[in-house]
*Asks:* 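Following this message is one structure expressed as structure tokens.
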Amino acid sequence: MAPAPDVVRQAAEWAALLDGGTVAPDQLAACEAWCRESPMHRLAFERMQALDARFDGLTGADRQLLRRLTDIKPKSRLLRGGGALVAAAILVGGGWLATHLQAVREHFADYQTERGEQRTVHLADDSNLVVDTGSAASASLSGGERRISLFRGQVLANVARDANRPFIVETADATATALGTVFTVRVEAEGTRVTVLESRVKVCPRSGGRRTGEGCVEVDEGMQVVVSTHEVSPARSVNVEQAGAWTKGWLEVDDQPASEVLSELSRYSAQPIRFDPALLQGIHVTGSYPLGDPARALEAIAGSTRLRVDRQADGSLAVAPRP
Amino acid sequence: VHYGVTHRQALLSLYKEHHSWLHEWIRRKSGCTHRAADFVQATFCRLLEHGDIELPQSPRSFLATVARRLLIDDIRRREIERAWVECWSSGHDAVDTLSPERIAEAAQLLHGLLQLLWELPPPVRKAFVLRRIEGLSHDETAAALGVSVRSVKRYMAQAYERCYAAAHPDR
């Protein structure tokens with residue numbers, strides 16, 4: 001179900017043909033006809049166009065550096081890398097070289113959301129993916145498996161049943177394989193957080209021998225784990241309604257420390273939310289707050305606690321206890 | 001092949017036996033004692049992270065290979081960070097609005113993109129950079145390279161295909 005190499009090649013030719021600027025209407029029509037032949041054609045072509053958009057999105061400094069360093073092709077193996085480096089990367093199974101390639105994949109990811117944006121994606125296998133604020137993910141549906149690569153942020157996967165094709169969400173830390181239907185995966189600084197809203201999910205740290213299944217844990221409905229590259233934390237129970245509320249645009253909290261709630265809200269806010277966690281100690285928050293309107297949510301939180309919100313000159317929102 | 005606990009034990013004995021040798025090796029290569037200790041740690045961390053690699057017969061040359069890659073990678077990363085900050089400051093007044101995270105993020109992406117571009121055959125790379133990075137038209141790109149517009153389109157198609165493979169390795 002993923003575009004075959006020759007389809008990718010043809011899509012590349014179409015993209016190059018139409019890239020020229022002056023495009024004859026019959027060329028456009030011919031490309032559209034090709035795209036209509038198969039969803040794989042369209043996917044490959046759309047991805048080519050996405051590549052363009054991502055190159056266009058590079059900053060002036062990025063461009064200047066690329067220009068400078070591609071122009072003087074370095075003679076030294078130091079800068080260029082090359083065969084030996086790739087061999088070493090394979091030697092240790094991915095490793096640090098892979099992180100740069102990973103950065104490229106992230107940059108070109110299929111689904112990207114801005115701060116405050118959420119998107120629901122209907123995949124070709126009838127699964128749904130809700131992509132949370134500030135996230136990047138790619139989907140690859142092949143004959144053998146369905147694989148979502150989550151580079152940053154959070155997704156909720158609502159998985160269509162297909163016993164022959166496992167549905168896997170992978171992050172830099174871990175893989176989460178659906179054994180049933182609904183779960184969320186979120187990339188955080190300390191690891192990947194997997195929350196099971198329905199049925200069960202098998203979670204494996206990256207470093208565990210995937211072939212042996214060592215280190216893998218099956219997580220039950222209503223449970224949550226944090227996975228590092230090495231291990232899976234003990235599962236803790238969560239409120240399923242609350243854990244999935246973000247997909248409906250709500251932040252639901254029940255007696256949670258204010259600093260945690262504000263950090264969560266700031267993920268959605270275009271304006272930075274600033275606070276000193278030390279000053280907020282002992283303050284807890286309970287309630288439902290709209291993620292689509294972080295400023296209003298902040299006012300509501302302040303109204304129900306001992307907090308005040310001040311809009312700073314630079315547009316940021318400063319939160320502190322009321323005097 | 002060692003997995004899990006056995007792998008960790010094998011690494012532990014590897015560490016006990018060779019870490020001072022590796023420290024000295026890195027110190028000689030990098031000329032810095034402080035950083036050498038960090039790189040010894042980093043080397044073993046890498047090996048620990050990859051739980052299913054086979055530990056070879058000649059552990060010293062293996063450790064040296066891994067450490068060397070780390071050293072090279074570190075130098076490369078700093079080079080790119082430095083160059084990027086330079087480019088950035090030429091377009092901005094104050095460098096102090098840059099956060100370390102922003103610099104690291106940019107460097108990592110650019111490092112990846114550079115790797116990608118360097119792998120392209122030279123004419124393809126030149127055409128792609130002129131078109132996508134410099135924003136020249138196909139005609140202008142063709143003129144700059146002294147080739148036909150048809151060739152530019154062919155080069156662009158090759159570059160697209162390569163970028164696609166990097167962006168979607170599993171297609």
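Treat the numbers as computed from the prediction; the structure is a model and nothing was measured. Convention: sequence-line order gives letters A, B, ...; per-chain numbering from 1.
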*Asks:* Side chains of A:Arg105 and B:Pro169: does their closest heavy-atom pair fall under 4.5 Å?
*Replies:*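 When only atoms from C-beta onward are counted, B:Pro169 and A:Arg105 do touch, with a gap below 4.5 Å.
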*Asks:* Between atom CG of A:Leu65 and atom CH2 of B:Trp88, what is the distance when rounded to the nearest 0.5 Å?
*Replies:*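 If we round to the nearest 0.5 Å, A:Leu65:CG and B:Trp88:CH2 are 14.5 Å apart.
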*Asks:* Please check if atom CD in B:Glu134 has more than 12 non-hydrogen atoms from other residues, nucleotides or ligands closer than 6.0 Å.
*Replies:*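 Yes, CD of B:Glu134 has more than 12 neighbouring heavy atoms, counting only those of other groups under 6.0 Å.
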*Asks:* To the nearest 0.5 angstrom, please state how far the CG atom of B:Leu109 sits from the CG atom of A:Asp62.
*Replies:*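 Going from the CG atom of B:Leu109 to the CG atom of A:Asp62 covers 6.5 Å.
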*Asks:* For a quick test of reading the model, state the closest non-hydrogen atom pair linking A:Ala12 to B:Ala157 and the distance between them.
*Replies:*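 In terms of heavy atoms, the two residues are closest at CB-O, 3.3 Å.
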*Asks:* Just to verify, what does A:Glu145 make a salt bridge (charged side-chain N to carboxylate O under 4.0 Å, His left out) with, not counting sequence neighbours?
*Replies:*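 Partners of A:Glu145 under the salt bridge (charged side-chain N to carboxylate O under 4.0 Å, His left out) test: A:Arg147.
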*Asks:* Tell me, side chain or backbone of A:Leu51 under 4.5 Å from chain B's heavy atoms, or both, or neither?
*Replies:*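 When you check distances to chain B, only side chain atoms of A:Leu51 fall under 4.5 Å.
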*Asks:* Distance-only, no hydrogens or angles: does the A:Arg68 side chain make a donor-acceptor pair with backbone N or O of B:Cys87 under 3.5 Å?
*Replies:*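 Answer holds: no.
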*Asks:* Specify which of A:Leu58, A:Leu17, A:Val7, A:Asp52 makes the most heavy-atom pairs with chain B at under 4.5 Å.
*Replies:*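 Heavy-atom pair counts peak at A:Asp52.
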*Asks:* With rounding to the nearest 0.5 Å, note down the distance linking OG in A:Ser140 to NE2 in B:His168.
*Replies:*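 Reported value, rounded in 0.5 Å steps: 9.5 Å.
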*Asks:* Counting only heavy atoms closer than 4.5 Å, note whether A:Ser228 contacts chain B via side chain, backbone, both or neither.
*Replies:*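 When you check distances to chain B, no heavy atom of A:Ser228 falls under 4.5 Å.
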*Asks:* Test of understanding: with salt bridge (charged side-chain N to carboxylate O under 4.0 Å, His left out), list the residues that count as partners of A:Arg63, not counting sequence neighbours.
*Replies:*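 Result, salt bridge (charged side-chain N to carboxylate O under 4.0 Å, His left out) vs A:Arg63: none returned.
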*Asks:* Would you mind telling me which of B:Val129, B:Leu110, B:Leu117 has the largest number of heavy-atom pairs within less than 4.5 Å of chain A?
*Replies:*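 Most heavy-atom pairs under 4.5 Å with chain A: B:Leu110.
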*Asks:* Of all the residues in residues 139-156 of chain B, which have a heavy atom that comes within less than 4.5 Å of a heavy atom in chain A?
*Replies:*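 B:Lys153, B:Met156, listed by number.
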*Asks:* Work out which heavy atom in B:Tyr160 is nearest to a heavy atom in A:Ala16; give both atom names and the distance.
*Replies:*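 Looking at all heavy atoms of both residues, the closest pair is CE1-N, 3.6 Å.
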*Asks:* If you count heavy-atom pairs within less than 4.5 Å of chain B, which of A:Thr59, A:Asp110, A:Asp56 leads?
*Replies:*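 The candidate making the most pairs under 4.5 Å is A:Asp110.
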*Asks:* For B:Arg162, check side-chain contact (heavy atoms from CB on, under 4.5 Å) against everything at least two apart and list the hits.
*Replies:*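 Only B:Leu116, B:Glu119, B:Leu120, B:Ala165, B:Ala166 meet the side-chain contact (heavy atoms from CB on, under 4.5 Å) criterion with B:Arg162.
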*Asks:* Quick check on B:Gln158 against chain A: is it the side chain, the backbone, both or neither that has a heavy atom closer than 4.5 Å?
*Replies:*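 No part of B:Gln158 comes within 4.5 Å of chain A.
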*Asks:* Given that the side chain runs from C-beta out, which part of B:Ile133 has a heavy atom under 4.5 Å from chain A: side chain, backbone, both or neither?
*Replies:*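 Answer is both: backbone and side chain atoms of B:Ile133 are under 4.5 Å from chain A.
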